[in-house]
**Student:** 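Before anything else, here's the structure in question.
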Amino acid sequence: MNCFWPQAVLYEMNVRQLTPEGTLRAATSKLPFLKDLGVDAVWLMPVYPIGEAGRKGSLGSYYSIRDYCAVNPELGTMADFDAFVAEAHRLGMRVLLDWVANHTARDARWIAEKPASWYERDAAGRPAVPWDWSDTAKLNYADRDVWRAQADAMEFWLTQHDVDGFRCDMAMLVPIEFWNETSLRLRRVKPDLFMLAEAEERNLFEEGAFDACYAWRMHHLMNDVARQRTRVTALRDYIYADRDDYPDSAMRLAFTSNHDECGTAPVFQIRCIASGVFTFVVPRGLSLSTGQEIGYDHSFAFLTGSDSPLRGQRFAGSPPLTALRHDNRRRREAGGAMLINNARTLMGGPGR
């Protein structure tokens with residue numbers, strides 16, 4: 001794995017709520033702030049056109065995708081996307097795209113343009129709905145043409161739009177053989193490709209499909225500690241056991257919140273101070289989500305685009321914990337020990 005990633009700070013960007021405009025162009029203007037905060041890479045929540053059939057909320061879910069090779073016009077144009085990536089790279093940051101391989105929108109281009117066999121079907125012959133995601137249609141990975149089309153679309157973003165890798169949504173719902181084959185193909189195109197799985201099955205790393213996976217168990221343990229349902233020593237035991245569960249090269253994404261696990265007071269306040277600091281010093285990877293840089297303590301209504309404290313507010317934050325994480329990376333590369341000192345929490349309040 002590229003040495004850039006093991007101590008990197010990854011920022012999940014919710015473009016709709018990041019700025020008052022809710023566009024890629026406006027998000028580009030926030031990249032210098034994130035760089036100054038100590039962010040190394042940005043994971044963009046899906047930027048593709050959103051389905052209208054069965055749409056949830058007035059704006060729809062990012063994860064109901066009509067076209068894998070286009071940009072949602074509500075967020076901007078492909079030129080705006082390219083400008084975002086170029087600015088991130090100029091600042092020394094990487095960009096990951098959110099990739100949803102398990103399903104498409106119910107009015108996706110593929111449903112109209114591709115054979116019926118590309119989708120799993122219900123008893124009435126309609127594209128099957130996975131789980132309760134009624135705005136989506138389940139792809140059929142028994143058809144190898146689906147594999148090739150997915151890989152073609154991913155390669156499009158690598159070769160034509162210079163992204164650095166993918167955060168793969170619900171990766172465990174897609175055959176690991178697909179990920180193994182596709183990752184091998186994509187790494188021939190981009191040797192320093194970074195692949196992050198929203199999953200934590202051990203087979204994700206057996207043939208090099210992924211570089212990192214979510215540390216869901218650690219996340220839930222931190223919540224239990226915050227609620228005093230378990231002793232803090234459970235986290236120590238988890239870290240020791242986790243070392244034996246995965247290859248040494250496997251990164252484990254540490255996080256206190258994301259778009260699925262938004263914090264709410266009062267437990268959020270405990271997470272910010274204690275769990276937040278813990279995620280900065282635990283080995284193997286770290287993720288921040290839009291809103292955490294200002295201490296936002298409620299869930300975003302990203303299906304409706306309702307106002308949030310991020311809209312119209314000045315960003316605030318302090319970088320001592322990101323600096324601590326980066327210093328530890330330098331010390332490891334130099335053969336030194338990990339440094340832990342008094343570091344104020346990153347999760348400060350709104351700017352004054």
Side-chain angles (χ1 to χ4, degrees), residues 7 9-12 14 17 43 45 63 131-133 167 169-173 196-205 210 212-246 250-303 308-309 317-318 320-322 324-325 328 338 340-349:
Q7 293 295 110
V9 176
L10 175 64
Y11 180 85
E12 178 189 14
N14 178 348
Q17 266 82 23
W43 143 33
M45 291 179 71
Y63 295 87
W131 305 96
D132 61 346
W133 305 331
R167 176 266 186 189
D169 184 70
M170 300 296 284
M172 71 286 190
L173 299 182
L196 166 63
E198 187 201 12
E200 57 182 347
E201 282 70 13
R202 298 179 189 180
N203 65 356
L204 298 169
F205 303 99
F210 289 96
C213 70
Y214 275 43
W216 280 114
R217 285 178 292 167
M218 186 174 76
H219 170 75
H220 294 306
L221 264 180
M222 287 191 295
N223 288 349
D224 287 343
V225 169
R227 294 184 174 97
Q228 298 184 330
R229 293 174 179 171
T230 190
R231 294 172 62 86
V232 71
T233 53
L235 287 169
R236 176 200 60 196
D237 297 340
Y238 162 83
I239 290 174
Y240 287 146
D242 193 67
R243 291 173 178 173
D244 296 328
D245 288 343
Y246 297 89
M251 285 182 59
R252 306 279 282 121
L253 192 71
F255 58 94
T256 59
S257 183
N258 56 44
H259 69 273
D260 290 317
E261 299 281 344
C262 292
T264 54
V267 173
F268 179 86
Q269 301 302 327
I270 304 172
R271 290 184 197 169
C272 282
I273 298 170
S275 300
V277 171
F278 179 77
T279 59
F280 272 88
V281 298
V282 73
R284 297 194 187 186
L286 169 70
S287 173
L288 298 173
S289 182
T290 296
Q292 287 189 291
E293 69 275 31
I294 64 164
Y296 185 48
D297 62 356
H298 293 80
S299 299
F300 285 120
F302 65 82
L303 296 178
S308 78
S318 52
L321 288 176
T322 54
L324 170 66
R325 189 164 187 85
N328 285 328
M338 185 171 188
I340 299 178
N341 60 12
N342 284 332
R344 292 185 295 116
T345 177
L346 173 68
M347 315 305 178

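None of the values given here were measured: they were computed from a predicted structure. Count residues from 1 along the sequence.
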**Student:** Can a salt bridge be assigned to the pair Arg167 and Asp169 using a cut-off of 4.0 Å between side-chain N and carboxylate O?
**Tutor:** yes
**Student:** Nearest 0.5 Å please: distance from the CD atom of Glu200 over to the CE atom of Met172.
**Tutor:** 9.5 Å
**Student:** Measuring from atom CE of Met218 to atom CD1 of Ile239, what distance do you get when rounded to the nearest 0.5 angstrom?
**Tutor:**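 Reported to 0.5 Å precision, the distance equals 6.5 Å.
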**Student:** How would you list, by chain and number, every residue that makes a ring-ring contact (aromatic ring centres under 6.0 Å, His included) with Phe205, sequence neighbours excluded?
**Tutor:** Tyr246
**Student:** Can you list the residues that meet the side chain to side chain donor-acceptor pair (under 3.5 Å) rule with Asp224, with sequence neighbours excluded?
**Tutor:**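 By the side chain to side chain donor-acceptor pair (under 3.5 Å) rule, Asp224 matches no residue at all.
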**Student:** Do you know which two heavy atoms are closest between Arg252 and Ala215, and how far apart they sit?
**Tutor:**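 Smallest interatomic distance, heavy atoms only, reads NH1-CA, 3.5 Å.
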**Student:** Applying side-chain contact (heavy atoms from CB on, under 4.5 Å), name anything that partners Ala171, two or more places apart in sequence or on another chain.
**Tutor:** Cys168, Trp179, Ala197, Ala199, Phe210
**Student:** Between Asp245 and Arg217, is there a side-chain N and carboxylate O pair less than 4.0 Å apart?
**Tutor:**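 Between Arg217 and Asp245 there is a salt bridge, with a charged N closer than 4.0 Å to a carboxylate O.
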**Student:** Measure the CG-CG distance between Leu204 and Leu196 for me, rounded to the nearest 0.5 Å.
**Tutor:**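 Spacing of CG (Leu204) from CG (Leu196) equals 10.0 Å.
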**Student:** Rounded to the nearest 0.5 Å, what's the gap from CH2 on Trp43 to CD on Glu12? Could you check?
**Tutor:** 3.5 Å
**Student:** Output the distance between atom CG (Leu221) and atom CZ (Arg236), rounded to the nearest 0.5 Å.
**Tutor:**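 Going from the CG atom of Leu221 to the CZ atom of Arg236 covers 12.5 Å.
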**Student:** Could I get the full list of salt bridge (charged side-chain N to carboxylate O under 4.0 Å, His left out) partners for Arg231, not counting sequence neighbours?
**Tutor:**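 In terms of salt bridge (charged side-chain N to carboxylate O under 4.0 Å, His left out), with neighbours along the sequence ignored, Arg231 is linked to no residue.
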